[in-house]
Amino acid sequence: MNSDAVLLLETVHFAAEKHRQQRRKDAEQTPYINHPVGVARILSHEGGITDIEVLQAALLHDTVEDTDTTPAELEAKFGPIVARIVQEVTDDKSLPKQERKRQQVEHAPHCSHQAKLVKLADKLYNLRDLNRCTPVGWTAERVQEYFVWAREVVKGLRGTSSALEEKLDELFRQRGVQL
Ligand SMILES: Nc1nc2c(ncn2[C@@H]2O[C@H](COP(=O)(O)OP(=O)(O)O)[C@@H](OP(=O)(O)OP(=O)(O)O)[C@H]2O)c(=O)[nH]1
Ligand SMILES: [Mn+2]
């Protein structure tokens, strides 16, 4: 087996352990790990991304934000580049939600190319997930607001991956929230 495959297995195993107790917000309580795995797969299969550090960062992208994982732990285990990409896509959960959402829009254009790729795939996955089923407790208005906010974040990520941006644009168009 080649070493990239070994590295990806180690990474997906780490992410699965960290997210082991978490579920998605859908009625079926899908295991949370389906999301980071799906984000990495969007990058590889739809974005044509082979940069192993981007794929690892995608698998790990919600570990610092949503589990007890620290940036130091990621750096020790996966190196400084993967740790930095994850750090770039991590929201400060100590801030009020509205401020966190505002900061994503503000920070998006200043992210590295690698972090922008992960952010595009994260938004693409989550928007598709909203089309698949509505999270428990969300109104149709809240779903629509998420699309509008995601469009603002994606505006700051443009020029990164035409394949992913075109797929996002089609979802925005279907919702009537295109530019
Ligand atoms: N569409 C959808 N999203 C779900 C589901 N379960 C969990 N989520 C997560 O919920 C987040 C979006 O919900 P919000 O209410 O806007 O944000 P919050 O959880 O961070 O407060 C996303 O976090 P994130 O990945 O960190 O991305 P971001 O939106 O914060 O950038 C998404 O991954 C689900 O069943 N459907
Ligand atoms: Mn995510």
Side-chain angles (χ1 to χ4, degrees), residues 11-12 14-16 18-44 46-47 49 54-69 71 74 82-83 85-112 114-158 160-161 164-165 167-168 170-172 174-175 177:
T11 309
V12 76
F14 179 94
K18 290 295 192 175
H19 289 295
R20 114 180 353 259
Q21 311 259 355
Q22 288 179 277
R23 298 292 178 273
R24 298 287 286 172
K25 297 169 180 170
D26 59 337
E28 291 175 5
Q29 300 194 301
T30 302
Y32 196 85
I33 190 64
N34 283 38
H35 166 62
V37 168
V39 170
R41 186 180 185 277
I42 285 171
L43 287 166
S44 63
E46 301 183 58
I49 302 302
V54 170
L55 299 177
Q56 287 181 281
L59 290 168
L60 298 167
H61 82 270
D62 278 329
T63 58
V64 174
E65 194 172 299
D66 295 337
T67 78
D68 65 4
T69 309
L74 291 185
V82 171
I85 302 168
V86 174
Q87 200 51 24
E88 285 186 83
V89 304
T90 297
D91 285 358
D92 181 351
K93 280 274 180 112
S94 72
L95 295 173
K97 181 162 180 152
Q98 206 190 333
E99 174 62 11
R100 266 194 287 130
K101 296 282 174 189
R102 196 190 63 73
Q103 287 199 358
Q104 274 210 40
V105 176
E106 188 180 299
H107 292 160
H110 308 292
C111 285
S112 67
Q114 290 170 310
K116 283 178 178 172
L117 284 169
V118 175
K119 288 182 72 70
L120 284 170
D122 189 25
K123 291 297 177 284
L124 186 51
Y125 185 103
N126 284 332
L127 294 175
R128 285 173 174 168
D129 219 17
L130 287 176
N131 283 341
R132 183 181 64 87
C133 63
T134 304
V136 173
W138 285 37
T139 61
E141 291 70 33
R142 181 161 173 194
V143 171
Q144 189 71 11
E145 278 166 22
Y146 189 93
F147 272 82
V148 170
W149 167 76
R151 177 198 62 192
E152 292 306 306
V153 178
V154 168
K155 258 186 205 168
L157 303 170
R158 290 193 184 274
T160 303
S161 162
L164 300 186
E165 288 161 46
K167 291 179 187 209
L168 282 157
E170 176 59 17
L171 294 182
F172 294 137
Q174 286 166 7
R175 284 275 168 175
V177 301

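As a basis for the values below, the full set of heavy atoms in this structure was taken, side chains included, without hydrogen atoms, waters or symmetry mates. When a residue number appears, it is its place in the shown sequence, counting from 1. No experiment lies behind these values; they were computed from the predicted model shown. Order of appearance sets the numbers: ligands from 1, and atoms from 1 within every ligand.
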Subject >> Apex the Mn ion (ligand 2); atoms His61 NE2 and His35 NE2; angle rounded to 10 degrees >> reply: 90°
**OP:** For the residue pair Phe172 and Phe147, categorise the inter-ring angle as parallel (less than 30°), tilted (30 to 60°) or perpendicular (more than 60°).
**Re:** perpendicular
Original post:
For atom 12 (C) of ligand 1, what's the nearest protein heavy atom and its distance?
Top reply: Tyr146 CE1, 3.7 Å
Original post:
Quick one: do Lys119 and Asp122 make a salt bridge, cutoff under 4.0 Å?
Top reply: no
Original post:
What atoms in ligand 1 come closer than 4.0 Å to a heavy atom of Tyr32?
Top reply: 25 (O), 33 (O)
Original post:
Between Asp66 and Lys18, does at least one N-O distance fall below 4.0 Å, as a salt bridge requires?
Top reply: no
Original post:
Which is closest to atom 22 (C) of ligand 1 in terms of heavy atoms, Asp26, Asp122, Asn126, Val39?
Top reply: Asn126
**OP:** Among all protein heavy atoms, pick out the one at the shortest distance from atom 15 (O) of ligand 1; state its residue, atom name and that distance to 0.1 Å.
**Re:** Lys97 NZ, 2.5 Å
**OP:** Decide, counting backbone as well as side-chain atoms, whether Asp62 has an N, O or S atom less than 2.8 Å from the Mn ion (ligand 2).
**Re:** yes
**OP:** Specify the protein heavy atom at minimum distance from atom 36 (N) of ligand 1: its residue, its atom name, and the distance to 0.1 Å.
**Re:** Asp129 OD2, 3.3 Å
Original post:
N/O of Asp66 under 3.5 Å from N/O of ligand 1, yes or no?
Top reply: no
**OP:** Kindly identify the option in Arg23, Arg24, Gln29 whose heavy atom sits closest to atom 33 (O) of ligand 1.
**Re:** Arg24
Subject >> Proximal atoms of ligand 1 relative to Lys101 (non-hydrogen, under 4.0 Å) >> reply: 14 (P), 16 (O), 17 (O), 29 (O), 30 (O)
**OP:** Before accepting this row, confirm whether a basic side-chain N of the pair Lys155/Glu152 lies closer than 4.0 Å to the acidic partner's carboxylate O.
**Re:** yes
**OP:** Could you tell me whether Glu46 and Arg128 make a salt bridge, using a distance below 4.0 angstrom between a side-chain N and a carboxylate O?
**Re:** yes
Subject >> Sidechain N-carboxylate O distance under 4.0 Å for Arg142, Glu145 >> reply: no
Original post:
Quick one: is the NZ or CZ of Arg23 closer than 6.0 Å to the six-membered ring centre of Tyr32, and within 45° of its axis?
Top reply: no
Original post:
Is the closest heavy atom of Lys119 to ligand 1 under 4.0 Å?
Top reply: no
Original post:
Who's the nearest protein heavy-atom neighbour of atom 19 (O) of ligand 1, and how far?
Top reply: Lys25 NZ, 2.7 Å
Original post:
Is there a heavy atom of Trp138 sitting under 4.0 angstrom from any atom of ligand 1?
Top reply: yes
Original post:
Of Glu65, Lys123, Arg132, which has the heavy atom at the shortest distance from atom 26 (O) of ligand 1?
Top reply: Glu65
**OP:** Inspect the contact between Asp129 and Arg24 and indicate whether a charged nitrogen and a carboxylate oxygen are less than 4.0 angstrom apart.
**Re:** yes
Subject >> Heavy-atom donor-acceptor pair, Arg151 side chain to Val177 backbone, under 3.5 Å >> reply: yes
Subject >> From Gln22 atom CD to Thr63 atom OG1, the distance as rounded to the nearest 0.5 Å >> reply: 10.0 Å
**OP:** Could you list the atoms of ligand 1 found under 4.0 angstrom from a heavy atom of Leu130?
**Re:** 1 (N)
**OP:** Output the list of atoms in ligand 1 that are nearer than 4.0 Å to some heavy atom of Gln104, sorted by atom number.
**Re:** 28 (P), 30 (O), 31 (O)
Original post:
What are the atoms of ligand 1, with element, lying closer than 4.0 Å to any heavy atom of Arg100?
Top reply: 20 (O), 21 (O)
Subject >> Side-chain heavy atoms of Pro71 within contact of Val64, under 4.5 Å >> reply: yes
Subject >> Name of the Asp122 atom (N/O/S only) found closest to the Mn ion (ligand 2) >> reply: OD1
